[in-house]
Trainee: 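I'd like to ask you about the structure that follows.
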Amino acid sequence: MRNAFDVLDERGFIEQGTHPEELRELLGKESVTFYIGFDATASSLTMGHLIPLMGMLHLYRAGHRPIFLLGGGTTMIGDPSGKSDMRQMLSQDIINANVQSFRRQFSKFVNFDDGSAIMENNANWLLDLNFMEFMRDVGRHFSVNRMLTLETYKSRLEAGLTFLEFSYILTQSYDFLELFRRYNCRLQMGGNDQWSNIIGGYELVRKVEGEAVYGLTLKLLTTNAGTKMGKTEAGTIWLDSERTSAYDFYQYLRNVDDADVERMLALLTFLPMEEVRRLGSLPGSEINQAKEVLAYEVTKFVHGEEEAAKAQATAKALFGGGGRDENMPSTTFAKETFAAGMDILSLLVETGLASSRSEGRRLVQQGGVALDDQRVEEIDRLVTVQDFSRDTLIIRKGKKVYHRVVIE
RNA sequence: GGAGGGAUACCCAAGCUGGCCAAAGGGGGCAGACUGUAAAUCUGUUGGCAACGCCUUCGAAGGUUCGAAUCCUUCUCCCUCCA
């Protein structure tokens, strides 16, 4: 079997590591226990979490043992990394609920029953720590002089940084020590924004235990231009279908930039690299095939084959012509609602296509709204029962956003 | 604890000798054109509403004034220097 390190490397996961050569050697000769921590700051994982998740799965498939560490404890503090402002403190109830959500989601991807993969929660050891003991055992190993030079804190030194957040690195570092002791965990991975925190744990374990452990950071989900992916202005792309529908999830990937397709295929799918490279080098508009594969594969991985197929069918129906499909987002009204007609602005707001009447007005004025592919020209257009054929009416906003209105 | 500086719309950032400020500019977003459901580019738009007008908004609460993002008071938070 190929060295898992090489697999990650070839697929473009690796950003930086502490002793890459040594680590590669270790991964080549024995099953290594490794971990990634996930702070429970929201009720669902996001598309951005797919990179660490995929990274873990590649190692898992190569016979190494992953620990999915839920941040029930660390989230109490809140990682300042990459944040320009103070994080909002979350209540323990919310954190617990988020942890449960993460637990459910991870369980969909990995089987934790046979011991080949582990799910832990750092609340188990962080919540009851004794401050004095902790400071004397762990705190003494951290140099504030050094911490102040870390990239993570630099920006915050201007904007403001509380001791609560400043101490985050200690808790995450302690996690590594704890996992080393409990599970002989030798490697911590994480997004590149976690580099400082990972180094903290790496050094702590080496100092306290005198054992060789490693840190490795993975690429963040970014576009070719370096901006964050998995976020739209409308919000984050979530893995929970309640928050981001399978169709929207599919569409997000279907619309990635040409320049990002190959990298995304390598990072977010299990397709062999030869295939990834072939798809990524398709010329001109043929690259759309690669985007379809990307969207389908990742949607399948996250939402299952059935949902992926539906999303794909919907997309093809809408963009391939016809413009009709059962699976697009829809809103149902009672038939009487349209008896006297509903003005277009109300309809836009009711369906969520516009957040206010003013926004709807702008959309219509700019020619961005169509009913069954007929552009709406008048601001006071009244939608009546006559506009529905077979009780449905397709509203389109812009070029890509479809919504089905049904009356019954 | 003391002395200064700051808080403006999704973000950054002007304005702060009171009216011409729903508030410049940039970014981002949305829409239109061009396209391949791409990028780049160009154009429009970007608080709300019963819309040539009205209402709410410039950290919070009060006050001065015919009129305040702009002046005064108190408070909250942040930054810098001193202790």
Side-chain angles (χ1 to χ4, degrees), chain A residues 80 82-89 148 153-166 222-237 247-265 279-296 299 311-325 327-329 343-346 348-349 351-370 373 375-380 382 394-403:
Chain A
K83 286 273 163 183
S84 51
D85 301 306
M86 167 113 186
R87 265 185 193 275
Q88 211 195 337
M89 282 175 71
L148 289 174
Y153 300 118
K154 274 189 185 158
S155 61
R156 294 296 298 276
L157 255 25
E158 295 289 313
L161 178 66
T162 59
F163 189 76
L164 175 75
E165 295 175 281
F166 189 54
T222 56
T223 64
N224 197 42
T227 56
K228 261 190 193 158
M229 257 182 95
K231 295 227 185 222
T232 64
E233 201 53 26
T236 306
I237 306 292
Y247 172 75
D248 288 336
F249 186 87
Y250 178 95
Q251 276 298 301
Y252 182 82
L253 290 163
R254 175 63 185 77
N255 283 310
V256 298
D257 291 5
D258 289 7
D260 294 323
V261 181
E262 185 168 326
R263 230 174 63 255
M264 290 305 119
L265 281 167
L279 288 167
S281 55
L282 289 172
S285 63
E286 283 180 44
I287 193 85
N288 282 319
Q289 290 170 34
K291 294 186 187 180
E292 278 177 19
V293 172
L294 173 68
Y296 181 79
T299 307
Q312 184 159 63
T314 301
K316 286 190 168 169
L318 295 178
F319 293 100
R324 293 211 158 245
D325 189 274
N327 298 315
M328 75 178 78
D343 65 290
I344 186 68
L345 296 183
S346 299
L348 284 168
V349 173
T351 53
L353 291 172
S355 60
S356 68
R357 297 175 65 81
S358 294
E359 184 183 318
R361 187 180 305 269
R362 282 193 290 275
L363 280 170
V364 173
Q365 280 167 347
Q366 298 191 113
V369 178
D373 280 328
R375 181 178 286 189
V376 175
E377 307 286 355
E378 324 82 47
I379 211 72
D380 48 2
L382 208 57
I394 308 293
I395 310 185
R396 178 165 52 84
K397 174 193 148 194
K399 295 189 190 72
K400 299 178 193 170
V401 184
Y402 290 86
H403 197 99

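Every chain is numbered from 1 and lettered A, B, ... according to where its sequence line falls, protein lines coming before strand lines. Just so you know, these numbers use all the heavy atoms, side chains as well, and skip hydrogens, waters and symmetry mates.
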Trainee: What distance, rounded to whole Å, do you find between the two C1' atoms, one in B:A83 and one in B:A14?
Mentor: 37 Å

Trainee: Can you tell me which nucleotide in B:A38, B:U45, B:U37 comes closest to the side chain of A:Phe319?
Mentor: B:U37

Trainee: Mind calculating the distance between CG (A:Asp248) and P (B:U37) to the nearest angstrom?
Mentor: 18 Å

Trainee: Could you check whether A:Asn288 and A:Ser285, counting side-chain N and O atoms only, form a donor-acceptor pair closer than 3.5 Å?
Mentor: no

Trainee: By nearest atom, which of the nucleotides B:G48, B:A31, B:G36 is closest to the A:Ile287 side chain?
Mentor: B:G36

Trainee: So if I take every side-chain heavy atom of A:Lys397 and compare against B:C30, B:A38, B:U37, which nucleotide ends up nearest?
Mentor: B:C30

Trainee: Decide whether A:Arg361 and A:Ser356 meet the rule of one side-chain donor and one side-chain acceptor closer than 3.5 Å.
Mentor: no

Trainee: Which base sits across from B:G1 as a Watson-Crick or G-U pair, both distances under 3.5 Å?
Mentor: B:C82

Trainee: Taking atom P of B:A31 as reference, at what distance in whole Å does atom NZ of A:Lys400 sit?
Mentor: 8 Å

Trainee: Using atom C1' of each nucleotide, how far apart are B:U46 and B:C10 to the nearest Å?
Mentor: 10 Å

Trainee: May I have the step-by-step check of side chain to side chain contact (heavy atoms under 4.5 Å, CB included) for A:Val261 and A:Leu279, ending in yes or no?
Mentor: CA-CA 8 Å; A:Val261 181; A:Leu279 288 167; 5.9 Å; no

Trainee: Taking the side chain as every heavy atom from C-beta outward, state whether A:Lys400 and A:Phe319 have any pair of such atoms under 4.5 Å apart.
Mentor: yes

Trainee: Round to the nearest Å and state the distance from A:Arg254 atom CZ to B:G36 atom P.
Mentor: 13 Å

Trainee: Using atom P of each nucleotide, how far apart are B:A69 and B:A22 to the nearest Å?
Mentor: 9 Å

Trainee: Write down the partner of B:C10 under the Watson-Crick or G-U wobble criteria, each distance required to be under 3.5 Å.
Mentor: B:G27

Trainee: Checking all strands, does A:Gln251 fall into the base, sugar-phosphate, or nothing category for heavy-atom contacts under 4.0 angstrom?
Mentor: base

Trainee: With P as the reference atom in both, quote the distance from B:G62 to B:A68 in angstrom, rounded to an integer.
Mentor: 14 Å

Trainee: Between B:G29 and B:C11, how far apart are the C1' atoms? Round to whole Å, please.
Mentor: 11 Å

Trainee: Nearest-Å distance, CD (A:Gln366) to P (B:G44)?
Mentor: 10 Å

Trainee: Return the pairing partner of B:U73 with a 3.5 Å limit on both distances, Watson-Crick or G-U wobble; otherwise return none.
Mentor: B:A61

Trainee: Could you tell me whether a side-chain N or O of A:Asp343 sits under 3.5 Å from a main-chain N or O of A:Ser346, the two making a donor and an acceptor?
Mentor: yes

Trainee: Separation of A:Glu359 atom CD from B:C10 atom C1', in whole Å?
Mentor: 13 Å

Trainee: Taking A:Arg396 for the side chain and A:Gly398 for the main chain, is one N or O donor matched with an acceptor at less than 3.5 Å?
Mentor: yes

Trainee: Would you measure the distance from the P atom in B:A39 across to the matching atom in B:G28 and give it in whole Å?
Mentor: 13 Å

Trainee: Using a 90° cut-off around 0 for syn, call B:C52 syn or anti.
Mentor: syn

Trainee: What does B:C42 pair with, Watson-Crick or G-U, if both distances are under 3.5 Å?
Mentor: B:G32

Trainee: On RNA chain B, compare the nucleotides closest to A:Asn288 and A:Ser355; which residue's is nearer the 5' end?
Mentor: A:Asn288

Trainee: Any base atoms under 4.0 Å from A:Arg362, or only sugar-phosphate, or nothing? Heavy atoms, all strands.
Mentor: sugar-phosphate

Trainee: Taking the C1' atom of each, how far is B:U56 from B:G47, in whole Å?
Mentor: 8 Å

Trainee: Between A:Gly284 and A:Arg357, who's closer to the 5' end of RNA chain B by nearest nucleotide?
Mentor: A:Gly284

Trainee: Rounding to a whole Å, what distance do you find between A:Glu377:CD and B:A31:C1'?
Mentor: 14 Å

Trainee: Please tell me which of the listed nucleotides, B:U45, B:U37, B:G36, lies nearest to the side chain of A:Ser285?
Mentor: B:G36

Trainee: Counting C-beta onward and ignoring hydrogens, is there a side-chain heavy-atom pair between A:His403 and A:Lys397 closer than 4.5 Å?
Mentor: no

Trainee: What pairs of nitrogen or oxygen atoms, one from the protein and one from nucleotides 24-27 of chain B, lie under 3.5 Å apart?
Mentor:
none

Trainee: For B:G25 and B:C66, measure between their C1' atoms and round to the nearest Å.
Mentor: 33 Å

Trainee: Once you round it to whole Å, what is the distance between P of B:A38 and CG of A:Leu294?
Mentor: 15 Å

Trainee: Would you tell me if any nitrogen or oxygen in the side chain of A:Ser356 comes within less than 4.0 Å of OP1 or OP2 on B:C49?
Mentor: yes

Trainee: What's the closest nucleotide to the side chain of A:Lys399 if the choices are B:G36, B:U35, B:U45?
Mentor: B:U35

Trainee: Rounded to whole angstrom units, what separation is found between the CZ atom of A:Arg375 and the P atom of B:G32?
Mentor: 7 Å

Trainee: Does some side-chain heavy atom of A:Asp258 sit less than 4.5 Å from a side-chain heavy atom of A:Lys291?
Mentor: yes

